[in-house]
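When a ligand or atom number is given, it counts from 1 through the structure's own listing order. All figures in this text were calculated on a predicted structure; none of them were measured in a lab.
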Amino acid sequence: MISYKTLGLVNTREMFKKAVKGGYAIPAFNFNNMEQLQAIVMAAVETKSPVILQVSKGARDYANQTLLRYMAEGAVEYAKELGCEKPEIVLHLDHGDSFETCKSCIDMGFSSVMIDGSHLPYEENVALTKKVVEYAHQFDVTVEGDLGVLAGVEDEVSAAESHYTKPEEVVDFVTKTGCDSLAISIGTSHGAYKFTPEQCTVDPETGRLLPPPLAFDVLAAIEEQLPGFPIVLHGSSSVPQDDVDTINQNGGKLVAAVGIPEEQLRKASKSAVCKINIDSDSRLAMTAAVRKTLAEKPGEFDPRKYLGPARESMKKLYMHKIINVLGSNDKL
Ligand code: G3H
Ligand code: 13P
C-alpha cells in the first residue's frame with residue numbers, strides 16, 4: 001500500500017471546496033505520455049494553478065499504470081524544480097469501471113478515483129459507488145461518482161444518446177454513497193465529434209457548425225438540490241477549429257468535428273462545476289503540431305523535433321484553458 005501523501009500528491013477535497021466558493025473550475029487533463037505530462041506541469045506552474053492529472057483505462061493499457069504513477073510522482077518534483085514551492089497535483093483515475101480497478105489505483109498511490117456506474121441500473125450504481133467510497137475514505141482518497149449518461153464513447157462504454165442527470169436523484173445518490181463529487185450529464189460528450197451535423201445549426205458567416213447549448217436548466221436544478229456540492233463535467237473539449245484546419249491541411253481528415261463552445265464552459269466554471277475534463281483538445285493540439293512539422297520538414301526523423309513543437313502547442317492550450325476558460329490561475 002503506497003499512500004499518495006508520500007508522493008507529494010493531494011486529494012480533491014480542499015481544492016474543490018475553494019473552487020466552488022471562488023467560482024472557478026480545476027482543470028482535469030488526461031495524460032498518456034511524457035510530453036503531455038511535461039506540458040501540463042509547465043502550464044500549471046506558470047499559471048499558478050492546481051491541476052488534476054487523469055489516467056483512463058486506455059492510458060493504463062497504453063502506458064502502464066505503475067509507470068504513470070511514477071510519472072505523477074515525478075510531476076510533483078518537476079513542478080518544484082520549475083519554481084512552484086507547494087504544487088497541488090491530484091492523480092485521478094478516470095472512468096474506473098470496477099471496485100477492483102479503483103482499489104488497485106488507491107493501493108498504488110492515486111489520490112482520487114472515479115467510479116463510473118452510470119451505465120448500471122440506479123441501485124447497482126449506488127451500491128458500487130458506496131463500496132468504492134468506503135474503501136477509498138479509509139486512506140483519505142476522494143471519489144467521483146457519476147449519474148447520467150454521456151453520448152459517445154466513455155472509455156470502453158459507449159452510448160448512442162445522452163441521458164441527462166435527473167435532478168430528483170442527486171440528493172439520494174450523494175447521501176447513500178458518500179461520494180465527494182458528482183459527474184453529471186447536461187449535454188457534453190467525449191471525443192472530437194460531440195454532435196452530429198443534424199443536431200447543429202450552421203453559422204451563416206463562417207459556415208461552421210454551431211452546437212446546441214448545454215442544459216444549464218438541469219445544472220441549475222442540480223445545484224438547487226445540492227447547494228455547494230462539487231459537480232464535474234466530462235467531455236468538455238472545445239475542438240478548436242484552428243487545430244482541425246491545420247490537421248486537415250496537412251494530410252488529416254477530420255470531418256464535422258465539433259466541441260463545446262468556451263463561453264459555455266466559462267459560464268459552467270462560475271457555478272458549482274469545479275472540475276472540467278479535457279482530453280481531446282490536447283490530442284488535437286499535439287496532432288496538428290506533429291502533422292505541420294512533418295509536412296514542413298519531410299526529412300525529419302528525430303522524434304524530439306516534432307514532439308517538441310507538439311509539447312509547446314499543448315502547453316499553450318493548457319494555459320489558455322486555465323486562464324481564459326476555467327479561471328484556476330493564481331489559485332495556489
Ligand atoms: O474518457 C475519455 C477520455 O478522453 C479518455 O480516453 O480512453 O481513449 O484514453 P481514452
Ligand atoms: P473530451 O473528449 O471532451 O476531451 O473529454 C475528456 C473526458 O471527459 C475524460 O473523461
Side-chain angles (χ1 to χ4, degrees), residues 12 25-33 35-37 39-40 51-65 67-68 71 90-98 101-102 105 110 112-119 143-159 162 165 181-195 211-212 214 231-241 243-244 254 256-262 264-265 268-269 273-288 314 317-318 320-322 325-326:
T12 57
I26 310 289
F29 297 132
N30 290 67
F31 83 104
N32 297 266
N33 61 38
E35 285 76 12
Q36 276 179 317
L37 186 63
I40 295 170
V51 73
I52 298 174
L53 304 173
Q54 298 205 128
V55 171
S56 68
K57 182 174 187 305
R60 284 181 290 126
D61 291 346
Y62 176 75
N64 180 275
Q65 176 170 305
L67 191 53
L68 290 170
M71 286 170 77
V90 173
L91 178 60
H92 175 78
L93 168 68
D94 195 19
H95 295 287
D97 56 353
S98 66
T101 305
C102 292
C105 288
F110 281 55
S112 172
V113 293
M114 173 190 194
I115 177 67
D116 184 353
S118 59
H119 54 287
V143 179
E144 177 181 318
D146 191 349
L147 260 186
V149 178
L150 268 62
V153 179
E154 293 192 52
D155 253 332
E156 284 164 9
V157 182
S158 74
S162 58
T165 304
S181 59
L182 183 66
I184 61 162
S185 169
I186 57 165
T188 61
S189 75
H190 292 103
Y193 300 94
K194 298 192 186 300
F195 305 99
L214 297 180
I231 300 297
V232 176
L233 277 193
H234 281 246
S236 298
S237 277
S238 298
V239 186
Q241 295 298 302
D243 285 337
V244 172
L254 298 180
V258 61
I260 310 294
E262 290 186 336
Q264 296 194 33
L265 298 171
S269 300
V273 170
C274 64
K275 172 176 180 270
I276 290 198
N277 288 10
I278 295 171
D279 185 2
S280 298
D281 283 355
S282 157
R283 297 177 181 194
L284 290 166
M286 184 173 206
T287 304
M314 288 187 285
L317 167 90
Y318 295 134
H320 164 70
K321 296 287 177 184
I322 288 171
V325 185
L326 280 67

Exercise for review: With heavy atoms of H190 as the reference, note each atom of ligand 1 found under 4.0 Å away.
Suggested key: 1 (O), 2 (C)
Review point. What part of N30, side chain, backbone, both or neither, has a heavy atom within less than 4.0 angstrom of ligand 1?
Key: side chain
Check your understanding: Counting each atom of ligand 2 from 1 as listed, which ones have a heavy atom of K194 under 4.0 Å away?
Key -> 1 (P), 2 (O), 3 (O)
Check your understanding: Is the closest heavy atom of R283 to ligand 2 under 4.0 Å?
Key -> no
Check your understanding: Can an N or O of D279 be found at a distance shorter than 3.5 Å from an N or O of ligand 1?
Key -> yes
Check your understanding: Which protein non-hydrogen atom lies closest to atom 10 (O) of ligand 2, naming both residue and atom, and how far is it?
Key -> D94 OD2, 2.7 Å
Check your understanding: In ligand 2, which numbered atoms sit nearer than 4.0 Å to a non-hydrogen atom of H95?
Key -> 10 (O)
Review point. What atoms of ligand 2 come closer than 4.0 angstrom to any heavy atom of H234?
Key: 8 (O), 10 (O)
**Study point:** Per-atom contacts of ligand 2 with S236, taking only distances under 4.0 Å to non-hydrogen atoms
**Key:** 3 (O), 5 (O)
Practice item. Could you point out which residue of V232, I231, L326 forms a side-chain contact (heavy atoms from CB on, under 4.5 Å) with K275? Key: V232
Study note, to complete from the structure: Among K57, R283, H95, the residue with a heavy atom nearest to atom 10 (P) of ligand 1 is R283
Practice item. Could you see which bit of N30 sits under 4.0 Å from ligand 2, with heavy atoms only: side chain, backbone, both or neither? Key: side chain
**Study point:** Atoms of ligand 1 close to D94 [distance to a heavy atom under 4.0 angstrom, numbered from 1]
**Key:** 1 (O), 3 (C)
Exercise for review: Using a strict 4.0 Å cut-off to heavy atoms of S56, name the atoms of ligand 1 that fall inside it.
Suggested key: 5 (C), 7 (O), 9 (O), 10 (P)
Review point. Numbering the atoms of ligand 2 from 1, which are under 4.0 Å from a heavy atom of I278?
Key: 4 (O)
Revision key, fill the gap. Atoms of ligand 2 under 4.0 Å from any heavy atom of S280, numbered from 1 in the order shown, are 1 (P), 2 (O), 4 (O)
Point to revise | For atom 8 (O) of ligand 2, closest protein heavy-atom neighbour | key: G235 N, 2.7 Å
Check your understanding: Among protein heavy atoms, which sits nearest to atom 7 (C) of ligand 2, and what does the distance come to when rounded to 0.1 Å?
Key -> H190 CD2, 3.2 Å
Point to revise | Check ion pair D97-K57 (N to O, under 4.0 angstrom) | key: no
